[in-house]
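Here's the structure we're looking at; comments come further down.
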There are 2 protein chains.
Amino acid sequence: MNTLAEENYLKAIFKLSGKQKEAVSTNAIAEELETKASSVTDMIKKLTEKKLVNYQKYQGTSLTKKGHEIAVHIVRKHRLWEVFLLKKLKFQWDEVHDVAEQLEHIKSPKLVEHLDTFLCFPQYDPHGDPIPNKNGEFPKSFSAPLIDFAAGSKGKVVGVSQDNPAFLQYLDKLEIQLGSKIQVIEKIEFDQSLEVKINGKATHISSEVAKNILIKQ
Amino acid sequence: MNTLAEENYLKAIFKLSGKQKEAVSTNAIAEELETKASSVTDMIKKLTEKKLVNYQKYQGTSLTKKGHEIAVHIVRKHRLWEVFLLKKLKFQWDEVHDVAEQLEHIKSPKLVEHLDTFLCFPQYDPHGDPIPNKNGEFPKSFSAPLIDFAAGSKGKVVGVSQDNPAFLQYLDKLEIQLGSKIQVIEKIEFDQSLEVKINGKATHISSEVAKNILIKQ
DNA sequence: AAATAAATTTAGACAAGCCTAAAAATATTT
DNA sequence: AAATATTTTTAGGCTTGTCTAAATTTATTT
C-alpha cells in the first residue's frame, strides 16, 4: 500500500509525462507539487526502490508499468468523485477539485466500483477529462484542447483545463458553454490564434484560450 | 486544522469518556487506538497545548469544549458516510465501518452539509447510533442495548454495537435483522440471559449478545 | 574549450508520530 | 505502613517527509 505522499508524486509524474510517458525533470515535479527539488530527489529514490518509477541520476523520472497503473487508478478515483460531487451533491463546477483531491486517496476497491455503478459509469468528468475504467482503459474518443484541432474540424466543448474565474467569465462572454458546437475555420500562423464558429456564429479566440478549451469530436 | 492522528485521539477520548465526560486513563486510550501508553502521553501533551483536552499528569484526560465539538463533528461525518455507503452504494452492514473510518477525515464543510441533504437528514446510522446535526446536537430519542430493557418492553432492532463477523452471522441465524420487532419476555437473574420474542417467535439469547443489540422503542 | 549558469543531488537538520526501556508516581496488598 | 504491583511518564531513538545550504553534474555562453 502506498502513502498519500507517494500517490501524489505518482499522480504528478503521470500528469507531467503526457501520453508518450517522457521522462520528467526533478524541477518540474517540484513545481507541480509545490515542494523543493531536494525533497523530490528523496522521494524519487523511494519510488525507485519500490519499482514504481524509472530513475537515473540527473536524467529525469518516468513511471514503470506498476507506477502507471497506480497513477491511472488515482485519476479514475479523482474524476469519479468529481462527477459525484457535481451531479449528486450539487457542487459548483469550480468547487469539486479540492475535495476530490482528498477523496481520491480513500482506499477501498469496493468503494470505487460501487461509486462507478451508482454514477452509471460516466466516461468524462465535469472538466471534460476522460475517466479510465476499472482496467485502466480510457474511453476511445478523447477530448483534446481546441488548439490541437486542424482547420475545418468540428466538435463539441466537453470541458476546460483551467478553472480560473476570469477565464470562465470570458468564456461566458464568448457564449462558449459545455456542449457548444465549435468549428475551426482558420488557424493564424502568426500568433496561433483561431477563427472559429461557435454555435454557427463566427468569432476569434487567442491561442491561450484555445489551449484551455477541451473538444470532443 | 487538525491532523489525522489528532482527530483519532479526540474521537477515542470522546468514545471512552461517555455522556458524563469523565476523565479517561492513558492506558484506555492506548488500548482503544492500539498504540502504546507512551505514545498517548506524547499526543495528549500536544492536544493540551492546542487546548483540545484537559490534562493533569497521572490524572487522566478529558475533552475541552473545543475538543468535544471537533469529536462530535467527526462522529457526525462518520455516521453520515455509513448511511451513504449502505443506502446509496449498497454496501453490506458489516462493510461500512472501515471505509467510513477513512471518509470521516475528509475536510470540507460543504461536503458534509450537502451529503446530509442528499441523504435527507438521517437521524440514525446503520448501527443504530444517533447522528448529531450540524450544531452538534444529537436526536432526542436514543437507542439502547437490548440488555437495558425491562421484561415486557418492546422495540425495534436499530443496530448493533459490534461488527465482528461471527456475531453478525449468529444474529442471522437467530433471524435478527435491522428492523426486527423484539420483545423481552423474561430476564434470567442467574446469567443475565433473556427470553425474547423476535418477530413473534420465542427464543433465548445470552447477555453477551443482548449487550450488543441496539433497540429503539 | 573555458567560464558561467542552471539543474540536480548530497549532507545534515527538523517536526510528527510512533517505539522500547527505564524511572517515577499512584494503587493495591500484605 | 511497608512492600509490591500497576499505571504513567520520561528519555532516547526510529521513520517519513520535509527543509536549507553546499557540492556536483549538466547545459549554455562567450
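Sequence lines set the chain letters: A, B, ... in the order given, protein chains first and strands last, and positions in each chain run from 1. The structure displayed is predicted, hence computed values, not measured ones.
Close to D:dT10, at under 4.0 Å from its OP1 or OP2, lies a side-chain N or O of B:Lys45. Side-chain nitrogen and oxygen atoms of A:Thr35 include at least one within less than 4.0 Å of the OP1 or OP2 phosphate oxygen of D:dC19. For the OP1/OP2 pair of D:dT8 and a distance below 4.0 Å, the side-chain nitrogens and oxygens of B:Asn27 include at least one atom meeting the criterion. For D:dT7, the OP1/OP2 oxygens have no side-chain nitrogen or oxygen of B:Thr26 closer than 4.0 Å.
Of the two residues near DNA chain D, A:Gln59 and B:Tyr55, the one whose nearest nucleotide lies more 5' is B:Tyr55.
Contacts between chain A and DNA chain C, taken as any atom within less than 4.0 angstrom of a protein heavy atom, begin and end at C:dA7 to C:dT10.
In terms of polar N and O atoms assigned as donor or acceptor, the side chain of A:Ser38 comes within less than 3.5 Å of the base of D:dT20 in a complementary pairing.
Distance A:Glu7 CD to D:dT16 P: 16 Å, rounded to the nearest Å.
Looking at B:Asn54 and B:Thr64, their side chains never bring a donor and an acceptor atom within 3.5 Å of each other. No hydrogens or angles considered: a donor-acceptor pair under 3.5 Å links the side chains of A:His78 and A:Glu82.
Among the protein residues, A:Lys57 comes within range of the sugar-phosphate backbone only, with heavy atoms under 4.0 Å from sugar or phosphate atoms but none that close to a base.
Distance from the side chain of A:Ala5 is smallest for D:dT18 among the nucleotides D:dT8, D:dT18, D:dT20.
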